[in-house]
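None of these values were measured; they are calculated from a predicted model.
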Amino acid sequence: GIRVAPAVTIQGAKALADGSASDVKSLRGKVVTAVFPDCVYVQEQNSPFGIKLVTSASVTAGEEVDVCGVMRGSGSERYLDCTGNPVMTTSPGPGVPGPFAAASSALGGAELNSFTPGVVGGIGPNNIGSFVIAFGKVTQRKTSAPKYFYIDDGCAIGDGTDTGGVENVGMRIAGDPASYAEGSYVFVMGVVSCFDSAGLRPQILPTEIQILRGP
């Protein structure tokens, strides 16, 4: 007969250890929230839990998808490696879900389980992979690779890193800051990810950025 990969929820997938080729699991009926050159993010339709997919499949934000693959990334950002497995889409799908508001104090969140850590100093629910919206004042910019900028939403806290010896205040936005002057106020929509700098630190991979007010 035909073998079908067992279905799990996104939180259930993150509770799995890194797998091998025999540990294929499926995520069914998830919504694509963001598409980047090297990965895709999907989210539950009725909750803000999201996850990264490593796949070369052509999908569009807002589509409903069924995917299968093997869990990877224990101790860092968890992801489903879909290499060699198809992505089934239902077009046009339900559309991109509404983002939830992210505060710099809770971005990334605490540990979910032994395989899925939170960020350094993380508090509240683990939200790595979730689709969010954030507002803030541009406080720091890095124009050489890896390019990023920081926005402060009023919490005036940092992630423990610095740029050129100056403490980074606010949330890291992983994107080219050329169009966003220091002191300007911006709106950012995207997914929560993380980077390693003596421990996991949160960042937002933007899908949309708007300037609300100049410096």
Side-chain angles (χ1 to χ4, degrees), residues 1-100 102 107-119 122 124-132 174 189-196 200 202-207:
I2 297 173
R3 294 185 62 189
V4 178
V8 294
T9 64
I10 287 175
Q11 296 298 77
K14 290 183 178 181
L16 300 172
D18 286 358
S20 64
S22 61
D23 298 315
V24 175
K25 297 294 188 293
S26 65
L27 300 173
R28 299 175 188 163
K30 309 312 176 193
V31 182
V32 177
T33 55
V35 179
F36 300 105
D38 59 345
C39 66
V40 172
Y41 281 82
V42 297
Q43 188 166 297
E44 299 284 4
Q45 294 199 39
N46 56 0
S47 70
F49 302 120
I51 193 170
K52 176 181 178 179
L53 309 179
V54 172
T55 176
S56 59
S58 177
V59 295
T60 301
E63 286 183 330
E64 180 181 332
V65 298
D66 293 345
V67 300
C68 57
V70 177
M71 284 303 298
R72 308 284 188 204
S74 286
S76 184
E77 180 173 0
R78 304 307 308 281
Y79 65 94
L80 190 70
D81 184 355
C82 301
T83 304
N85 294 290
V87 174
M88 305 298 292
T89 65
T90 302
S91 185
V96 179
F100 75 90
L107 195 69
E111 177 183 290
L112 178 63
N113 52 54
S114 60
F115 305 117
T116 309
V119 297
N126 187 293
N127 50 62
I128 295 173
S130 297
F131 190 55
V132 299
M189 188 179 295
V191 292
V192 182
S193 179
C194 57
F195 65 99
D196 192 353
L200 296 183
Q203 63 181 357
I204 295 177
L205 305 180
T207 58

Interatomic spacing from [atom1] in [X] to [atom2] in [Y] - rounded to 0.5 Å:
X    : Y    : atom1 : atom2 : result
D81  : K52  : CG    : NZ    : 10.5 Å
C194 : L205 : SG    : CG    : 9.0 Å
F49  : Q11  : CZ    : CD    : 4.5 Å
C39  : E77  : SG    : CD    : 7.5 Å
I51  : S130 : CD1   : OG    : 10.5 Å

Taking all heavy atoms of [X] and all of [Y], pick out the closest pair and write down the distance.
X    : Y    : value
F36  : T207 : CZ-CG2, 4.1 Å
L27  : A13  : CD2-CB, 4.2 Å
L80  : M71  : CD1-SD, 3.8 Å
G75  : L200 : O-CD1, 3.9 Å
V32  : T60  : CB-O, 3.6 Å
L107 : A102 : CD1-CB, 3.8 Å

Is there side-chain contact between [X] and [Y], with heavy atoms separated by less than 4.5 Å?
X    : Y    : value
P97  : Q45  : no
N127 : F100 : yes
S193 : Y41  : yes

Point to revise | N-O pairing of K30 and E44 below 4.0 Å | key: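 Yes, K30 and E44 are salt-bridged.
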Sidechain-backbone polar pair: [X] side chain, [Y] backbone, donor-acceptor under 3.5 Å:
X    : Y   : value
S74  : A17 : no
T116 : K14 : yes
D38  : V54 : no
R78  : L16 : yes
S26  : V67 : no

Exercise for review: Quickly, which of V70, V24, T55, V40 forms a side chain to side chain contact (heavy atoms under 4.5 Å, CB included) with C82? Name it, please.
Suggested key: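 Answer to the side chain to side chain contact (heavy atoms under 4.5 Å, CB included) test with C82 among V70, V24, T55, V40: T55.
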